[in-house]
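These notes concern the structure reproduced below.
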Amino acid sequence: MPELPEVETVRRGLIPAMEGARIVRVTAHRGDLRFPLQQDFAARLDGRKVTGLGRRAKYLLADLDSGDVLLMHLGMSGSFRVMLDGHGKTPGAFHHRRNESRTHDHVVFEMENGAVIAFNDPRRFGYMKIVARADLEGEAFLKALGPEPLGNAFDAAMLAQACKGKKTSLKAALLDQRVVAGLGNIYVCEALFRSRLSPKRQASTLANRSGAPTEHAVRLVSAIRTVLNAAIEAGGSSLRDHRQTSGELGYFQHSFQVYDREGEPCRTRGCRGTVKRFTQNGRSTFWCPSCQK
DNA sequence: CCGCGGGCCTGAGAGC
DNA sequence: TGCTCTCAGGCCCGCG
């Protein structure tokens, strides 16, 4: 499910219920997520106040008044649901029929303010881990991550440098979280389309001989930023699992230009092309071969 | 370093 | 109705 825009949408949805609030009780209905929950997971959270809720790439980071940080990853199908009165009666939350089952609510947080926050993840590729803040820098999950695509450190020069000499495809390079952290299959496809670059292009072509960024790199950085910001604005993309914490759908899927549009006409004005799909590094790539070079 | 395949899981949808 | 097959917003590991 979640790439950066979906995780950011979740973060924003959790803030009113979580930030500054105290956890009264944590219930782990099952601890066998992608990685097993720590033995003392609930004990380290019970009674703690959440002092801040941040995000690093696709990870949510809840700062606790104990000096611990709760690190959360949504995997493919993870979502959070906030029930402000504890009974799911969030206003406007019941306009949809799917995914109402609470059978995959694996971890439930009850807050002092009355909010109940449920982590739901049918496929259990998501996970949570508590790390002492002092150890966060050395945390393996975070250590190798590249820059935030919406942050200042991410620009054409940096991207060109990271791709310099890379024989791999542009698609693969952008999915590599060490190059830039937060993109996934959807937004890589969309950003490549918007920058008119072929997913098959060799990643090294973002840099010239001296390692300086080409115009392609400039275009790509700009497209990545634009598409991520627009997707956040839309509450993310809801294809199967993603929900905002209120239960409402994101709606950026309506703005897809190529993702999930195999066989449909290219939306570029004047282009007679058709959106194609092929498999790259084991994942579907959607693109318009007439627009993207 | 690179690409590839397999694995971790469940559920939706298509086709028969 | 139900079976089987494919596929899915992530990411890790091991192989050649």
Side-chain angles (χ1 to χ4, degrees), chain A residues 1-10 30-36 55-60 71-80 96-106 119-129 139-146 149 162-192 199-200 202-204 224 227-228 231-232 234-244 249-256 258-263 277-286:
Chain A
M1 155 226 167
E3 304 180 34
L4 187 151
E6 289 74 35
V7 177
E8 178 61 20
T9 297
V10 168
R30 60 185 302 173
D32 56 337
L33 305 183
R34 172 76 194 264
F35 305 106
R55 178 186 59 73
R56 173 75 175 101
K58 301 175 193 174
Y59 292 87
L60 290 168
L71 187 149
M72 299 172 276
H73 195 285
L74 303 181
M76 281 285 259
S77 59
S79 64
F80 278 92
H96 41 271
R97 304 176 300 283
R98 297 196 325 160
N99 204 26
E100 281 306 296
S101 163
R102 302 279 96 202
T103 56
H104 296 292
D105 281 353
H106 303 130
F119 173 66
N120 186 280
D121 186 5
R123 294 178 73 180
R124 281 182 285 123
F125 289 171
Y127 53 93
M128 297 189 187
K129 184 183 179 185
E139 169 55 43
F141 288 129
L142 306 178
K143 205 171 181 172
L145 293 176
C163 290
K164 192 182 63 177
K166 271 200 185 294
K167 292 264 206 292
T168 192
S169 68
L170 202 41
K171 167 94 186 291
L174 294 174
L175 281 176
D176 186 341
Q177 303 296 298
R178 294 168 299 185
V179 171
V180 55
L183 299 176
N185 208 28
I186 290 179
Y187 298 106
V188 166
C189 289
E190 292 295 315
L192 286 170
K200 300 179 181 180
Q202 195 170 303
S204 63
I224 288 170
V227 76
L228 292 180
I232 291 169
S237 302
S238 292
L239 289 179
R240 279 162 284 275
D241 300 299
H242 170 63
R243 300 279 161 159
Q244 305 192 43
L249 298 167
Y251 53 91
F252 192 73
Q253 65 278 12
H254 302 303
S255 300
F256 288 172
V258 286
Y259 190 85
D260 219 13
R261 294 194 63 242
E262 183 184 17
R277 165 168 123 156
F278 71 107
T279 301
Q280 217 175 2
N281 303 95
R283 332 256 329 247
S284 284
T285 295
F286 297 87

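Convention: sequence-line order gives letters A, B, ...; per-chain numbering from 1.
Regarding A:Met76, its CE atom lies at a distance of 14 Å from the P atom of B:dT10, rounded to whole Å. For A:Leu60 and C:dG10, the CG to P distance is 15 Å, given to the nearest whole Å. Per the geometry, NZ belonging to A:Lys171 stands 14 Å off C1' belonging to B:dC4, to the nearest Å. If you measure from atom CG of A:Asn281 to atom P of B:dG6, you get 15 Å, rounded to the nearest angstrom. Counting to the nearest Å, the P atom of C:dC11 and the CZ atom of A:Arg124 are 18 Å from each other.
Residue contacts for A:Gly282: at a heavy-atom cut-off of 4.0 Å it reaches no nucleic acid atom on any strand shown. Using a 4.0 Å heavy-atom criterion, one finds that A:Tyr259 contacts the sugar-phosphate atoms exclusively. Within the nucleic acid shown, A:Ser169 comes within 4.0 Å of sugar-phosphate atoms alone, with no base atom in reach, counting heavy atoms only.
Under 4.0 angstrom from either OP1 or OP2 of C:dG10 there lies at least one side-chain N or O belonging to A:Lys58. Using a 4.0 Å cut-off, some side-chain N or O of A:His73 falls inside it from OP1 or OP2 of C:dC11. Regarding contacts with the backbone of C:dA8, every side-chain N or O of A:His242 stays at 4.0 angstrom or more from both OP1 and OP2.
Contact annotation: side chain of A:Arg123 to base of C:dA8, donor-acceptor pair present below 3.5 Å.
Not counting sequence neighbours, the partners of A:Tyr259 by the ring pair (Phe, Tyr, Trp, His ring centres under 6.0 Å) test are A:Phe256, A:Phe286. Under the salt bridge (Lys or Arg N to Asp or Glu O under 4.0 Å) criterion, A:Glu139 pairs with A:Lys129, not counting sequence neighbours. Residues satisfying the ring pair (Phe, Tyr, Trp, His ring centres under 6.0 Å) test with A:Phe119, not counting sequence neighbours, are A:Phe80.
For the pair A:Arg102 and A:Asp105, the salt-bridge criterion is met [side-chain N within less than 4.0 Å of a carboxylate O].
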Using atom names, set out every protein N or O paired with an N or O of nucleotides 12-16 of chain C below 3.5 Å, distance rounded to 0.1 Å.
{"from": "C:dC12", "atom 1": "O4'", "to": "A:Arg34", "atom 2": "NH2", "distance (Å)": "3.1"}

Restricting both atoms to N or O, compile the protein contacts to nucleotides 2-7 of chain C shorter than 3.5 Å, with distance only.
none

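Using a 30° and 60° split on the angle between ring planes, A:Phe141 and A:Tyr127 fall in the tilted class, from 30° to 60°.
Ranking B:dG3, C:dA8, C:dG10 by closeness to the A:Arg240 side chain, first place goes to C:dA8.
In this structure, the aromatic ring of A:Phe125 is not positioned over the six-membered ring of the base of C:dC11 within 5.5 Å between centres and 30° between planes.
Interatomic distance, A:Leu4 CG to A:Arg55 CZ, rounded to the nearest 0.5 Å: 3.5 Å.
B:dC9 and C:dC3 are spaced 23 Å apart, taking the P atom of each and rounding to whole Å.
Applying side-chain hydrogen bond (donor to acceptor under 3.5 Å, both in side chains) to A:Asn185 and the options A:Glu3, A:Lys171, A:Glu190 leaves one that passes, A:Lys171.
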Quiz item: Would you write out the dot-bracket form of DNA chain C, 5' to 3', with Watson-Crick and G-U pairs under 3.5 Å, [ ] for crossing pairs, | for pairs to other strands and . for unpaired bases?
Solution: .|||||||.|||||||
